[in-house]
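Before any comments, here is the structure.
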Amino acid sequence: MGCHLSLMGRRRYPSAMSLSHPHPIDSPAVLAWYDRHARDLPWRVSPQDRRDGVRPDPYRVWLSEVMLQQTTVAAVKAYFLRFTSLWPTVANLAAAPLDAVLREWAGLGYYARARNLHACAQAVVGDHGGVFPDTAAGLQTLPGIGAYTSAAIAAICFDERVAVLDGNLDRVLARYYALDVPVREAKDELRGALQLAVPVRAGDFAQAMMDLGATICAPRAAMCLVCPLHDGCEARAEGEPTRYPIKPVKAERPVRRGHAFVMRDASGDVYLQSRPAKGLLAGMTEVPTSDWTAEPGEPDFPVTAAWQRHGEVVHIFTHFRLELEVWSAVVPPDGLVNGWWSSPDALAGEALPTLFRKVLNLAGLDQA
DNA sequence: AAGTCGGGGGG
DNA sequence: CCCCCAGACTT
């Protein structure tokens, strides 16, 4: 059985141990695989160019890493190209209004990232002379840069020999060591095992392991026959690699219900307002809604008008399901002073999260 | 240590 | 429907 990375006893059992001597990860094999199969990505310097002395731009690496937090490569590409076109340097981004950053981030999700992105750019310019710190420890002091992102930037840009552990690596290593507990309970052990393998080409190694997780050791399929870690992989030896990682018990997703009110003035403009600076969809643009509650309530219309019902929008957030009844009416503009009126043509440029684009769509306002 | 925080693509 | 994605931050 080799060395199962096992957490017998972390909490449940009195004695311990995990893996003081994890069997090694063959980083030369991983790098050789990467030299032939690296993905071509807009923010990446290829291993060939890297060998020729090309250095990654920390600004672009940082921007991509923040966008990629809990977000797929496919979803990020267009946003990355748009951001780097609008703001080619960290100084450009720092000088941009936060509103513009939120507008461009709209649709990508996890909007605290956009606020932290802007704050981080301003910190780099204001506190670091416009130059990103060149160590993981230094990077992690910046807003929106945590354990993973700091390690990724330090490895990719500066070849700091630090373990870069993301969701892909959680899966790859859980399989490699046939980890018999949820990854969250063994994060430190996995990081320690990975740290021992980090080679001089730390940046390429980090990207190689992530590519491996994205293309070979994928969530629902593991192409073990072409994997450079085939020989040492315990899950492969057991014969059912997709059994790992062990998943924690899933919490049920509660339902919240409410009403959304699309108000238009005589000229057809739509009434919009800003959400609070904290909490869900913080600082983004919305149409007015009722409170979102477990029980469906009667619509508390903001003004008296001939309200028309359009149907229901369903939107899935991470920890609850939202069902909004969508209403619209032509209203007199009196009393609506907290927000602003937007022409239908201008909606595409508003900082509207996907939820409210769905609402506007259902009310008959076509979005680009 | 557990909760909060989006959205989309693929099985 | 379900899962998962180059996680960070708060409590």
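Here is how names work: the chains are called A, B, and so on, in the same order as the sequence lines, proteins then strands, and each is numbered from 1.
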Using the C1' atom as the reference point in each nucleotide, state the distance between B:dG9 and C:dA8 in Å, no decimals.
23 Å
When rounded to the nearest Å, what value does the distance between P atoms of C:dA6 and B:dG3 take?
25 Å
Length of the line joining [X]:[atom1] and [N]:[atom2], which is rounded to integer Å:
{"X": "A:R253", "N": "C:dC2", "atom1": "CZ", "atom2": "P", "result": "8 Å"}
{"X": "A:R256", "N": "B:dC5", "atom1": "CZ", "atom2": "P", "result": "7 Å"}
{"X": "A:L68", "N": "C:dA6", "atom1": "CG", "atom2": "C1'", "result": "5 Å"}
{"X": "A:Y111", "N": "B:dG6", "atom1": "OH", "atom2": "P", "result": "7 Å"}
{"X": "A:Y110", "N": "C:dC5", "atom1": "OH", "atom2": "C1'", "result": "9 Å"}
{"X": "A:R321", "N": "B:dC5", "atom1": "CZ", "atom2": "P", "result": "19 Å"}
{"X": "A:K187", "N": "C:dG7", "atom1": "NZ", "atom2": "P", "result": "8 Å"}
{"X": "A:F317", "N": "B:dT4", "atom1": "CZ", "atom2": "C1'", "result": "12 Å"}

Check: [X] side chain, [Y] main-chain N or O, donor-acceptor pair, under 3.5 Å:
{"X": "A:W62", "Y": "A:V66", "result": "no"}
{"X": "A:Y59", "Y": "A:T84", "result": "no"}
{"X": "A:R257", "Y": "A:L324", "result": "no"}

Compare the minimum distances between each of [options] and the side chain of [X], then state the nucleotide with the smallest one.
{"X": "A:N168", "options": "C:dA8, C:dC2, C:dA6", "answer": "C:dA6"}
{"X": "A:T354", "options": "B:dG7, C:dC5, C:dA8", "answer": "B:dG7"}
{"X": "A:R184", "options": "B:dG6, C:dA6, B:dG3", "answer": "B:dG3"}
{"X": "A:R44", "options": "C:dA6, C:dA8, B:dC5", "answer": "C:dA6"}
{"X": "A:Q69", "options": "B:dG7, B:dG3, C:dA8", "answer": "C:dA8"}

Give [X] one of three labels, base, sugar-phosphate or nothing, depending on what nucleic acid heavy atoms sit under 4.0 Å from its own.
{"X": "A:G213", "value": "nothing"}
{"X": "A:L169", "value": "nothing"}
{"X": "A:L41", "value": "base"}
{"X": "A:A206", "value": "nothing"}
{"X": "A:S64", "value": "nothing"}
{"X": "A:W43", "value": "base"}
{"X": "A:V73", "value": "base"}

For a quick check, tell me whether the side chain of A:T71 and the base of C:dG7 share a donor-acceptor pair closer than 3.5 Å.
no
Is it the case that the base of B:dG6 and the side chain of A:T318 share a donor-acceptor contact (distance under 3.5 Å, atom types as modelled)?
yes
Considering just the side-chain nitrogens and oxygens of [X], establish if one lies under 4.0 Å of OP1 or OP2 belonging to [N].
{"X": "A:H315", "N": "B:dG6", "answer": "no"}
{"X": "A:T72", "N": "C:dA6", "answer": "no"}
{"X": "A:K247", "N": "C:dC4", "answer": "yes"}
{"X": "A:R115", "N": "C:dC9", "answer": "no"}

Residue pair A:I145/A:R39 against DNA chain C: nearer the 5' end by closest nucleotide is A:R39
Test item: side-chain donor near acceptor, A:T293 and A:D291, under 3.5 Å:
no
Judged by modelled atom types alone, do A:W327 and A:H259 share a side-chain donor-acceptor pair under 3.5 Å?
yes
For C:dC1, which nucleotide in any strand shown is its Watson-Crick or wobble partner with both distances under 3.5 Å?
B:dG11
Can you confirm whether A:R253 is buried at CZ, in the sense that more than 12 heavy atoms of other residues, nucleotides or ligands lie under 6.0 Å from that atom?
yes
If we check side chain to side chain donor-acceptor pair (under 3.5 Å) with A:T149, which of these qualifies: A:E65, A:Q140, A:Q69?
A:Q69
